[in-house]
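Just so it is clear: chains get the letters A, B, ... in the order the sequence lines come, proteins before strands, and each one is counted from 1.
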2 protein chains.
Amino acid sequence: MFGFTTISIDAKGRLAVPAKYRNQLNAQNEESIVVTRDPQYPALKIYPGSIWKSISTELQSLQGLDPIVRNLQWTILGNASESSFDPKGRMLILLPSELREYAEIQKEQKASFIGMGNKFEVWNDKNWEARQTGGALSTEILEVVLPESLKTISF
Amino acid sequence: MFGFTTISIDAKGRLAVPAKYRNQLNAQNEESIVVTRDPQYPALKIYPGSIWKSISTELQSLQGLDPIVRNLQWTILGNASESSFDPKGRMLILLPSELREYAEIQKEQKASFIGMGNKFEVWNDKNWEARQTGGALSTEILEVVLPESLKTISF
DNA sequence: ACAGAATCCGGCTTATAGATCAACTCAAGT
DNA sequence: ACTTGAGTTGATCTATAAGCCGGATTCTGT
């Protein structure tokens with residue numbers, strides 16, 4: 001589940017998961033996926049159900065006194081939205097408007113769907129292109145110094 | 001799997017893997033290969049399936065909030081494209097247009113296919129020649145300072 | 001509570017990109 | 001010179017994305 005595809009967001013703010021990834025998700029018996037914020041960049045993360053389960057469990061189990069940890073819990077857990085396959089094995093995700101805003105993705109626009117192995121990212125395609133060529137994003141990159149407790153989680 | 005061959009990209013942006021390498025891949029029971037960006041130079045990397053598996057697994061497992069790590073994940077995982085042998089044992093790879101652009105390889109042009117042992121590289125043949133003679137590439141080389149966590153991965 | 005409006009969700013159709021299949025030419029070796 | 005295999009080009013076909021439409025459901029305002 002690698003590589004990227006340019007997809008279009010329809011007039012209703014929906015995103016269709018590209019078939020090549022869908023097929024693999026089906027093959028792995030994944031029944032749902034979860035969309036949430038990327039904690040650093042103006043982008044969205046998409047996790048297959050099983051991956052989400054382990055990441056969210058790990059995040060929840062962390063003690064909540066460290067401000068960075070709490071922030072991560074809010075942004076990742078608090079913005080999660082689950083979708084599942086339709087009876088024909090297709091998947092059309094309705095991106096909640098807060099997530100669309102966060103990732104600067106408008107309706108009827110192009111977006112980049114990026115396969116990162118066990119998870120995916122969705123970018124406004126202009127931002128993705130800028131990233132690829134080393135250009136500036138419209139939103140600043142956050143500098144994050146991670147506490148030890150997070151070093152083992154790969155978001 | 002060493003040495004280099006000059007190959008040509010056809011009008012549709014396709015690349016045929018030279019027979020001498022193909023045969024060795026077959027002999028090693030490799031069933032697919034993965035093309036992706038070289039993280040430093042305007043060139044493409046081609047990994048046999050098994051090699052790709054270990055590299056991509058290592059990359060994914062790295063903690064994902066470090067900007068350098070994420071950049072590597074994006075460029076390597078996010079640009080990967082898999083191909084497999086056809087029934088006759090031949091292999092014709094369609095190079096995605098973004099990869100062609102990145103490596104400055106145009107349709108109907110020559111390219112250099114370089115065997116590096118357990119992986120291959122594909123260069124615009126002018127750039128390859130320039131590299132060989134110490135001349136300047138048309139695109140600057142990126143300076144990359146690798147964090148310790150990446151020192152063990154041989155891309 | 002009801003009506004109207006807006007939003008959400010599924011089905012259908014069509015243009016297209018990409019994968020497969022096939023054929024031709026060239027080069028090399030016997 | 002003939003045969004075989006490789007490289008290259010061309011053609012076809014299938015799967016998919018995306019646009020469109022209509023029905024259903026929820027929300028809102030009166």
Side-chain angles (χ1 to χ4, degrees), chain A residues 1-27 31-33 35 46 81-101 105-115 120 122-125, chain B residues 1 3-27 31-36 46 49 79-101 105-115 120 122 125:
Chain A
M1 301 200 288
F2 300 100
F4 79 94
T5 313
T6 300
I7 53 171
S8 60
I9 309 296
D10 71 13
K12 297 164 185 173
R14 293 178 297 184
L15 172 164
V17 178
K20 58 174 175 176
Y21 305 121
R22 242 175 34 211
N23 296 338
Q24 293 188 51
L25 290 172
N26 273 325
E31 292 182 349
S32 66
I33 60 174
V35 193
I46 296 185
S81 162
E82 190 172 5
S83 303
S84 39
F85 293 98
D86 73 11
K88 293 201 177 63
R90 300 194 294 185
M91 184 179 278
L92 211 56
I93 306 172
L94 178 67
L95 298 179
S97 55
E98 322 88 51
L99 288 182
R100 282 207 314 272
E101 275 174 40
I105 294 171
Q106 271 80 42
K107 292 175 180 176
E108 294 188 305
Q109 277 203 347
K110 295 290 177 186
S112 292
F113 195 97
I114 300 121
F120 306 94
V122 178
W123 288 70
N124 165 320
D125 68 337
Chain B
M1 300 200 287
F4 86 95
T5 313
T6 300
I7 53 171
S8 59
I9 310 296
D10 72 14
K12 295 176 182 172
R14 293 178 296 185
L15 172 164
V17 178
K20 57 174 175 177
Y21 303 121
R22 241 177 34 209
N23 295 338
Q24 293 187 52
L25 290 172
N26 272 325
E31 291 183 349
S32 66
I33 61 172
V34 172
V35 194
T36 190
I46 296 185
N79 286 289
S81 165
E82 190 172 5
S83 303
S84 39
F85 293 97
D86 73 11
K88 293 195 180 67
R90 299 194 292 187
M91 184 180 278
L92 210 57
I93 306 171
L94 178 68
L95 296 179
S97 56
E98 320 86 44
L99 287 182
R100 283 206 316 272
E101 275 175 40
I105 294 171
Q106 271 79 42
K107 292 175 180 175
E108 296 187 302
Q109 278 203 347
K110 295 291 176 187
S112 293
F113 195 97
I114 300 122
F120 306 95
V122 178
D125 64 341

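- When the P atom of D:dG7 is taken as reference, atom CZ of B:Arg90 falls 9 Å away, rounded to whole Å.
- With contacts defined as side-chain heavy-atom distances shorter than 4.5 Å, the pair B:Thr5/B:Tyr21 qualifies.
- For B:Ala80 against A:Phe2, the heavy-atom pair with the smallest separation is CB-CB, 3.6 Å.
- In this structure, of D:dT9, D:dT16, D:dG7, it is D:dT9 that holds the atom nearest to the side chain of B:Asp10.
- In this structure, CG on A:Asp125 lies 5.0 Å from OG on A:Ser112, to the nearest 0.5 angstrom.
- Taking CD1 of B:Ile93 as the reference point, atom OG of B:Ser81 lies at 8.0 Å (rounded to 0.5 Å).
- Following rounding to the nearest Å, A:Gln109 (CD) and D:dG19 (P) show an atom-to-atom distance of 13 Å.
- Minimum interatomic distance between B:Ile9 and B:Gln106 (heavy atoms only, all atoms of both residues): CB-O, 3.8 Å.
- Phosphate proximity of D:dT8 to B:Ser8: present, with a side-chain N or O under 4.0 Å from OP1 or OP2.
- Atom OH of B:Tyr21 is separated from atom P of D:dG7 by 11 Å (rounded to the nearest Å).
- Rounding to the nearest 0.5 angstrom, the gap separating the NZ atom in A:Lys110 from the CD1 atom in A:Ile105 is 13.0 Å.
- A:Arg22 has a side-chain polar atom (N or O) that falls below the 4.0 Å cut-off from OP1 or OP2 of D:dA17.
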Protein-nucleotides 3-5 of chain D N/O pairs under 3.5 Å:
none

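- To the nearest angstrom, C1' of C:dG18 lies 15 Å from CD1 of B:Ile93.
- Protein atom CG of A:Leu15 is 15 Å distant from nucleotide atom P of C:dC8, rounded to whole Å.
- Rounded to an integer number of Å, the gap from A:Phe113 CZ to D:dA18 P is 12 Å.
- By the side-chain hydrogen bond (donor to acceptor under 3.5 Å, both in side chains) test, A:Asn124 pairs with no residue at all, sequence neighbours left out.
- In this structure, the side chains of A:Leu15 and A:Phe113 come closer than 4.5 Å at one or more pairs of heavy atoms.
- Of the inter-residue distances, the one linking B:Lys107 atom NZ with B:Ser8 atom OG reads 14.5 Å to the nearest 0.5 angstrom.
- Atom C1' of nucleotide C:dA19 and atom CZ of B:Phe85 are separated by 16 Å, given to the nearest angstrom.
- As rounded to whole Å, 6 Å separates atom P of C:dA19 from atom CG of B:Leu94.
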Could you list all N or O pairs between the protein and nucleotides 10-13 of chain D that sit under 3.5 Å apart?
{"unit_1": "D:dG10", "atom_1": "N7", "unit_2": "B:Arg14", "atom_2": "NH2", "d": "3.4"}
{"unit_1": "D:dG10", "atom_1": "O6", "unit_2": "B:Arg14", "atom_2": "NH1", "d": "3.4"}
{"unit_1": "D:dA11", "atom_1": "N7", "unit_2": "B:Lys12", "atom_2": "NZ", "d": "3.4"}
{"unit_1": "D:dA11", "atom_1": "N6", "unit_2": "B:Lys12", "atom_2": "NZ", "d": "3.1"}

